[in-house]
Structures are given as structure tokens and as C-alpha cells.
*Asks:* 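Encoded as C-alpha cells, here's the structure I'll be asking about.
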Amino acid sequence: MKKKHTNPWETMNDKIDEVLGDKFWKDMLPVMPKRIPLIDIMETEDKGLIIMELPGLKSAEDIQISVKNNQLFIKGSIPYPYPIPRENLLQGERFFGDFQRVVQIPFSFVPEKLTAQYKQGLLTLIFQKNAQDVSVEIDFIE
């Protein structure tokens, strides 16, 4: 398994809190764009997982998933769940509507063994990692 990479952006929220205070995020949420559902990516020795927040889906027809060139393509729509119009929300932080997302898959996997599960608003994609390391022999040609 790979070592955890440190990304300076991961600690940005903490640094902003230190400088601007906790109230900053509450004030910023209404103006920050909400364009795509959020994901988590993790891996074990033999599996890779991508988990995406997708509340309110009713069937497999609500979302399309494909893999090409080690990229995951996800397209769908998160339905608006309330009986009142969106413009009547006093505070609206959640994402609703159509989305498209392309995710670079950071591990080698067997495409035929990719499975997907949807439970309690979370889509979990389970990748069987390719366990074979390939050695390449070099032919020296004179």
C-alpha cells in the first residue's frame, strides 16, 4: 500500500480557521459554488474504494458509471427532495441537480471486477486491484 501523500491544501481549512475564525465558513457557505457531489478515495492491499454522496437516488437509471483509461466517469442527477420551491429555502447548503464528474483512479485495477453498491445515500464503487506486478524483459538489438 502506498504511503499517505501530504497535500498542503488538506490543511487549508484549519489554517483559515486559525486566521479568520470558525464563523468564516458559516458566512461563506451560501456563496460557495455547489456543483458536484463529494467523494472519498481509499485503498487496501487488494481493493480500491471510491465513495460518493448521492442522496435521494431511486434506481440504477438515475446514474451512469463508466471507466475508460483509468478514469471514472459518473453522470446523474440528485433530486430536489422538498415540497417547497428552492427559492423559499432560508439556508441551502446541499447540492441538488444534474452533475458530471471525472475521477482519476489512482491504483491499478481489473475493470471486469468493478462493482457498485448504493446504500443510505452513498454510492460505493469497489475496485479489485490488479495484484500482478509485471516485469518487462528488454531485447537488445544490434
Side-chain angles (χ1 to χ4, degrees), residues 1-140:
M1 194 154 62
K2 296 178 184 177
K3 291 182 181 179
K4 183 177 178 183
H5 298 281
T6 56
N7 179 344
W9 294 103
E10 290 176 357
T11 59
M12 181 182 267
N13 290 353
D14 294 334
K15 292 174 184 174
I16 290 172
D17 286 347
E18 288 174 18
V19 175
L20 300 175
D22 295 336
K23 188 175 179 294
F24 172 78
W25 289 116
K26 185 173 183 341
D27 292 341
M28 287 301 294
L29 278 173
V31 297
M32 293 177 80
K34 297 172 269 300
R35 301 206 150 248
I36 55 174
L38 303 176
I39 65 167
D40 291 326
I41 300 175
M42 59 196 83
E43 66 180 327
T44 65
E45 290 295 324
D46 60 343
K47 289 187 174 50
L49 300 166
I50 296 180
I51 301 170
M52 180 179 254
E53 290 181 344
L54 294 170
L57 300 184
K58 303 288 187 223
S59 72
E61 286 81 38
D62 294 338
I63 188 164
Q64 295 86 46
I65 302 169
S66 61
V67 175
K68 184 178 180 182
N69 297 329
N70 243 41
Q71 291 185 314
L72 176 69
F73 296 84
I74 303 173
K75 181 179 180 180
S77 183
I78 297 176
Y80 179 75
Y82 307 122
I84 63 168
R86 277 182 150 170
E87 56 270 8
N88 290 355
L89 286 176
L90 298 176
Q91 184 168 344
E93 298 178 0
R94 298 177 57 208
F95 173 81
F96 303 109
D98 295 339
F99 68 90
Q100 282 186 269
R101 182 108 196 233
V102 179
V103 179
Q104 183 67 38
I105 302 168
F107 40 77
S108 180
F109 64 96
V110 181
E112 298 80 19
K113 294 192 177 182
L114 172 60
T115 60
Q117 301 171 346
Y118 182 77
K119 184 178 179 181
Q120 297 179 343
L122 296 176
L123 174 68
T124 302
L125 298 163
I126 305 162
F127 297 81
Q128 179 65 47
K129 289 173 64 177
N130 189 351
Q132 298 177 354
D133 290 331
V134 179
S135 296
V136 177
E137 290 185 32
I138 302 170
D139 289 332
F140 284 85

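Only this structure's heavy atoms are used, side chains among them; waters, hydrogens and symmetry mates stay out.
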*Asks:* Do Gln128 side-chain atoms and Asp46 backbone N/O form a donor-acceptor pair below 3.5 Å?
*Replies:*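 Yes; at least one donor-acceptor contact below 3.5 Å.
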*Asks:* Does some side-chain heavy atom of Phe73 sit less than 4.5 Å from a side-chain heavy atom of Val102?
*Replies:*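 Yes; the side chains approach each other to less than 4.5 Å.
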*Asks:* Could you check whether any side-chain heavy atom of Tyr118 comes within less than 4.5 Å of a side-chain heavy atom of Ile63, counting everything from C-beta outward?
*Replies:*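 Counting from C-beta outward, Tyr118 and Ile63 never come under 4.5 Å.
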*Asks:* Just wondering, are more than 12 heavy atoms of other shown residues or ligands nearer than 6.0 Å to CD in Glu87?
*Replies:*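 Yes, CD of Glu87 has more than 12 neighbouring heavy atoms, counting only those of other groups under 6.0 Å.
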*Asks:* When rounded to the nearest 0.5 angstrom, what is the spacing between CD1 in Ile105 and CD in Glu43?
*Replies:*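 Reported to 0.5 Å precision, the distance equals 12.0 Å.
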*Asks:* Check side chain to side chain donor-acceptor pair (under 3.5 Å) between Ser77 and all other residues, then give those that pass, not counting sequence neighbours.
*Replies:*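 Asp98.
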*Asks:* Which heavy atom of Phe107 sits nearest a heavy atom of Leu49, and at what distance?
*Replies:*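 Scanning both residues, the minimum pair turns out to be CZ-N, 4.1 Å.
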*Asks:* Might you point out which heavy atoms bring Leu57 and Leu54 nearest each other, and give the distance in Å?
*Replies:*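 Result for this residue pair: CG-O, 3.7 Å.
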*Asks:* Using 0.5 Å steps for rounding, measure from the CD1 atom of Ile65 to the NZ atom of Lys75.
*Replies:*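 Rounded to the nearest 0.5 Å, the CD1-NZ separation comes to 13.5 Å.
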*Asks:* I need the Ile74 CD1 to Gln100 CD distance, nearest 0.5 Å.
*Replies:*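 It is 11.0 Å, given to the nearest 0.5 Å.
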*Asks:* Would you give the length of the straight line joining atom CG of Asp62 to atom CG of Leu123, rounded to the nearest 0.5 angstrom?
*Replies:*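 Result: 11.5 Å between the selected atoms.
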*Asks:* Can you tell me how far NZ of Lys119 sits from CD1 of Ile51, rounded to the nearest 0.5 angstrom?
*Replies:*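 Answer for the CD1-NZ pair, Ile51 versus Lys119, is 12.0 Å.
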*Asks:* So, for Pro79 and Phe96, which heavy atoms are closest and what is the spacing to 0.1 Å?
*Replies:*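 Distance-wise, the nearest heavy atoms are O-CD2, 3.3 Å.
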*Asks:* What are the two closest heavy atoms between Ile41 and Gln104, and how far apart are they?
*Replies:*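 The answer is CD1-O, 4.5 Å.
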*Asks:* Any chance you could measure Leu89, atom CG, to Tyr80, atom OH, to the nearest 0.5 Å?
*Replies:*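 One finds 4.0 Å between CG of Leu89 and OH of Tyr80.
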*Asks:* So, for Pro37 and Arg101, which heavy atoms are closest and what is the spacing to 0.1 Å?
*Replies:*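 For Pro37 versus Arg101, the nearest heavy atoms are O-NH1, 2.7 Å.
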*Asks:* How close do Ile78 and Glu53 get, counting heavy atoms only, and between which atoms?
*Replies:*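 What the structure gives for the nearest pair is CD1-O, 4.1 Å.
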*Asks:* State, yes or no, whether a side-chain contact exists between Phe127 and Lys129 at a heavy-atom distance under 4.5 Å.
*Replies:*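 Sidechains of Lys129 and Phe127: no contact.
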